[in-house]
Amino acid sequence: MAASYDEVMKLALERGFYFPSCEIYSDAPAGFWEYGPTGVNMKNKFIELWRRELVRRDGMLEIDGCQIMSKSVFVASGHIGNFTDPVVKCTKCGSSFRADRFITEKTGESVLERAAEQEIKALIKKHDLRCPNCNGEFGEVSKFNMMFRIGIGPAAEEAYLRPETCQTIFVDFARLFKTMRGRLPLGIAQVGKSFRNEIAPRQSLLRLREFYQAEIEVFCNPDRLNEMPKFEEVKNTVLRLSDGSSIIEVTAEEAISKGLTPNKLITYYLALLVEFYDKTGIDVKRSRFRNLSVDEKAFYASVAFDFEVETSIGWLELVACNYRSDYDLKGHAITSKQNLEVLDSATQSKVLPHVFELSMGIDRSIYAILEHCYYEDKQHDDRVVLRIKPYLAPILVGILPLMTKDGLDQKAHQINSALKYDFDIFYDESGSIGRRYRRLEEIGTPFAITIDKATMQDDTVTIRHRDTMQQERINISDLHQYLHRALGVR
RNA sequence: GCGACGGUCGUCCAGUUUGGUCUAGGACAUCAGAUUGCCAAUCUGGUAACCCGGGUUCAAAUCCCGGCCGUCGCACCA
């Protein structure tokens, strides 16, 4: 009954959730996918839920920054230096290897990941290293940077497509803190595209070269990470924590007292995140916060939890939660020569804020929701039902005249007109009523309004519920309110 | 990026071994009409594909070469 990757993929292709970009051309590159009408609708609603449950709930500031950023930004962020892997390629068979790891493995000599090309070349020569596949000689050492470099203006000035959305937040921080009357801790959020030149993009939405992130950077005073009055709201929220093998369930409060999470601030946001994902329809019983080991952590993170969900293809990372300390603001302060310290009003002291980040992959989240909501109803001819939350459903309600005569279709059109400005609805009069129900529930439409003969007499319609297939009869005049209530987030 | 395997209507599959009978077949989906009138009904008709480029040949979906894409493994993964 659990959906597989292939089933979700099939649904996505057949019903317009997502599909490969530029697919009519044979040179379409891998790692680029587009959202179709159903997918984009769901994605927009997912983002709206994120705004509601994280941005508004916590009183964060949201910005929308540029996707192209100057070279200096990435010098400061460390991406120019660290986002680069030294690669050596065999001149004979073409196999390529991560130079630093390869040398260390073969010789025991430790090599810095950011070692100069010359240095690596010298080491290869010194140890006479050869290709392990064919014993061929290695060619030049190249550096593969995962950022997309672009040239601005006629002089093609060096700039990059951002590899993560958060750098905008860091470079904008000082202005936002001043003009928006910021107080620590302060969350700044952004949704947008990021770009990474992945070596091996795979599995449709799961590893893309152009993808959506929803990032939240919480700026805080590192001396006050346990002063978090809002923590009371989430102290009983259950967190599933894991070291990668076993999972333990504890409340947020217990997590801190047992030392499983480092402080109230981090724990509060982890709890907020679980509460958010619970509302997306993802089964949080199949999720975990994986505490990353030292060698798994990103170069800027001192504490890192990945929020992962279980899918048919294994544990899938949806959100990276990193305590980035003052790594970013310090880097930008030095490179830009600006003072990015702010006054913490609570202590009346100047502080360079630390940052705790929730970096969410939207595309992966959409996939996970589809997979967790996909359901084959064995009781009813294996009908495929996407049991998605009404507030995330691409279409909220189908308008279906039972037949196209006796004025039923005109009546249905009237209802359609009355509702279409306020709800995502779909009018359908073709084929049998059963087929129309099935089509709707496959894309997760929670309700179907059927106009029948009784409608013509008493202005009532039936509302059919997707999951139970039960119907109830209500007045047309109550439809608006009924649907509005059904959209509520619970 | 390397290796193995693969790529035919929207989706899944047949056809490739042994080149011709393939102006490419089926199922599901989809569209139109008829019929029915509350759960994928039936009938009739239709739309719709050989990944791209080059080569071999009288003849290529089929054989060869290159590219692109996909799946899996390795590697990578913010």
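Chain A is the first sequence line, chain B the second, and so forth, proteins listed ahead of strands; every chain is numbered from 1.
At the phosphate of B:U30, OP1 or OP2 sits under 4.0 Å from a side-chain N or O atom of A:Arg439. When the side-chain nitrogen and oxygen atoms of A:Arg15 are compared with OP1 and OP2 of B:U11, none of them lie within a distance under 4.0 Å. A close approach under 4.0 Å does not occur between any side-chain nitrogen or oxygen of A:Arg436 and OP1 or OP2 of B:C39.
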Problem - Chi angles and distances behind the side chain to side chain contact (heavy atoms under 4.5 Å, CB included) call for A:Asp409, A:Tyr427 - result: CA-CA 10 Å; A:Asp409 46 344; A:Tyr427 177 87; 3.7 Å; yes
Exercise for the section: Would you please test A:Val385 and A:Arg466 for side chain to side chain contact (heavy atoms under 4.5 Å, CB included) and show each step? Expected result: CA-CA 8 Å; A:Val385 189; A:Arg466 173 194 69 197; 3.5 Å; yes
Problem - CA sep, side-chain torsions, deciding dist, call: A:Tyr5, A:Tyr367, side chain to side chain contact (heavy atoms under 4.5 Å, CB included) - result: CA-CA 9 Å; A:Tyr5 175 81; A:Tyr367 173 81; 3.3 Å; yes
Exercise for the section: Give the C-alpha distance, both sets of side-chain angles, the deciding distance and a yes or no for side chain to side chain contact (heavy atoms under 4.5 Å, CB included) between A:Leu260 and A:Asn291. Expected result: CA-CA 9 Å; A:Leu260 298 168; A:Asn291 197 178; over 6 Å; no
Exercise for the section: Given salt bridge (charged side-chain N to carboxylate O under 4.0 Å, His left out), test A:Arg435 with A:Asp428 step by step and report yes or no. Expected result: CA-CA 10 Å; A:Arg435 172 173 292 282; A:Asp428 192 1; over 6 Å; no
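Residue contacts for A:Ile433: at a heavy-atom cut-off of 4.0 Å it reaches the sugar-phosphate backbone alone, with no base atom in range. Among the heavy atoms of the strands, none lies under 4.0 Å from A:Asn322. At the heavy-atom level, A:Gln213 lies nowhere under 4.0 Å from the strands shown. A:Ser359 comes within 4.0 angstrom of no nucleic acid atom, judged by non-hydrogen atoms across all strands. No engagement by A:Ser194 is indicated, since no non-hydrogen atom pair under 4.0 Å with the nucleic acid exists.
Side-chain atoms of A:Gln471 come within donor-acceptor range of the base of B:C38, with a qualifying N/O pair under 3.5 Å. In terms of polar N and O atoms assigned as donor or acceptor, the side chain of A:Arg207 comes within less than 3.5 Å of the base of B:C76 in a complementary pairing. Not a single donor-acceptor pair, N or O on each side, falls under 3.5 Å between the base of B:C52 and the side chain of A:Tyr25. Interface remark: the A:Arg464 side chain does form a donor-acceptor pair with the B:C39 base, using a distance-only criterion of under 3.5 Å.
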Exercise for the section: Using a 4.0 Å heavy-atom cut-off, write out nucleotides 69-74 of chain B from 5' to 3' as B (base contacted by protein), S (sugar-phosphate only) or - (no contact). Expected result: SSSBBB
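As rounded to the nearest Å, B:U47 and B:G6 have C1' atoms that lie 29 Å from one another. Between the P atoms of B:A59 and B:G19, the separation comes to 15 Å (whole Å). Comparing the C1' positions of B:A29 and B:G70 gives a spacing of 23 Å, expressed to the nearest Å. Between B:C51 and B:A61, the distance separating the two P atoms is 10 Å to the nearest Å. Remark: the separation of the P atoms in B:G15 and B:U8 is 14 Å, to the nearest Å. Rounded to a whole angstrom, the distance from the P atom of B:C64 to that of B:A4 is 15 Å. Taking atom C1' in both B:U11 and B:U57, the straight-line distance is 35 Å, to the nearest Å. Comparing B:G54 with B:A60, their P atoms are spaced 13 Å from each other, to the whole Å.
Base pairing of B:U42: its partner is B:A34, meeting the Watson-Crick or G-U wobble criterion (both donor-acceptor distances under 3.5 Å). Nucleotide B:G25 is matched to B:C13 when pairs are restricted to Watson-Crick or G-U wobble geometry with both distances under 3.5 angstrom. Partner assigned to B:C72 is B:G3, using Watson-Crick or G-U wobble distances below 3.5 angstrom. B:C77 is unpaired under the Watson-Crick or G-U wobble criterion, no partner having all donor-acceptor distances under 3.5 Å. The base-pairing partner of B:A61, taking Watson-Crick or G-U wobble contacts with both distances under 3.5 Å, does not exist among the strands shown.
Counting to the nearest Å, the C1' atom of B:C76 and the CD1 atom of A:Ile199 are 5 Å from each other. Taking atom NE2 of A:His380 as the reference point, atom P of B:A41 lies 15 Å away to the nearest angstrom. Distance CD (A:Glu442) to P (B:C28): 15 Å, rounded to an integer number of Å. What separates CG of A:Leu400 from P of B:A40 is a distance of 14 Å, to the nearest Å. Atom P of nucleotide B:C31 and atom CD of A:Glu429 are separated by 11 Å, given to the nearest angstrom. To the nearest angstrom, C1' of B:C76 lies 14 Å from CG of A:Asn145. Here B:C77 presents its C1' atom at 16 Å from CE of A:Met147, a figure rounded to the nearest Å. The distance between atom OH of A:Tyr437 and atom P of B:A40, rounded to the nearest whole Å, is 11 Å.
The residue among A:Ser432 and A:Lys405 whose nearest nucleotide of RNA chain B is located toward the 5' end is A:Lys405. Mapped onto RNA chain B by nearest heavy atom, A:Arg364 and A:Lys10 fall at different nucleotides, with A:Lys10 at the one closer to the 5' end.
Within the 4.5 Å cutoff, side-chain heavy atoms of A:Ile366 are placed close to those of A:Met42. Side chains of A:Val73 and A:Arg162 form no contact here, defined as non-hydrogen atoms less than 4.5 Å apart.
Between B:U36, B:C77, B:C38, one nucleotide has an atom nearer to the side chain of A:Glu198 than all others, and that is B:C77. Distances were taken from every side-chain heavy atom of A:Ser430 (C-beta onward) to each of B:C38, B:A40, B:C31; the shortest belongs to B:C31. When distances are taken from the side chain of A:Met403 to each of B:G37, B:C39, B:U11, the shortest belongs to B:G37. Distance from the side chain of A:Glu14 is smallest to B:G10 among B:C39, B:C76, B:G10.
Using a 4.0 Å cut-off between a side-chain N of Lys or Arg and a carboxylate O of Asp or Glu, A:Arg438 and A:Asp377 do not qualify as a salt bridge. The pair A:Asp459-A:Lys411 meets the salt-bridge criterion, with a side-chain N (NZ, NE, NH1 or NH2) lying under 4.0 Å from an Asp/Glu carboxylate O.
Partners of A:Arg464 by salt bridge (charged side-chain N to carboxylate O under 4.0 Å, His left out), not counting sequence neighbours, listed by chain and number: A:Glu441.
A cation-pi arrangement, defined by a distance under 6.0 Å to the six-membered ring centre and an angle within 45 degrees of its axis, is present between A:Arg288 and A:Trp315.
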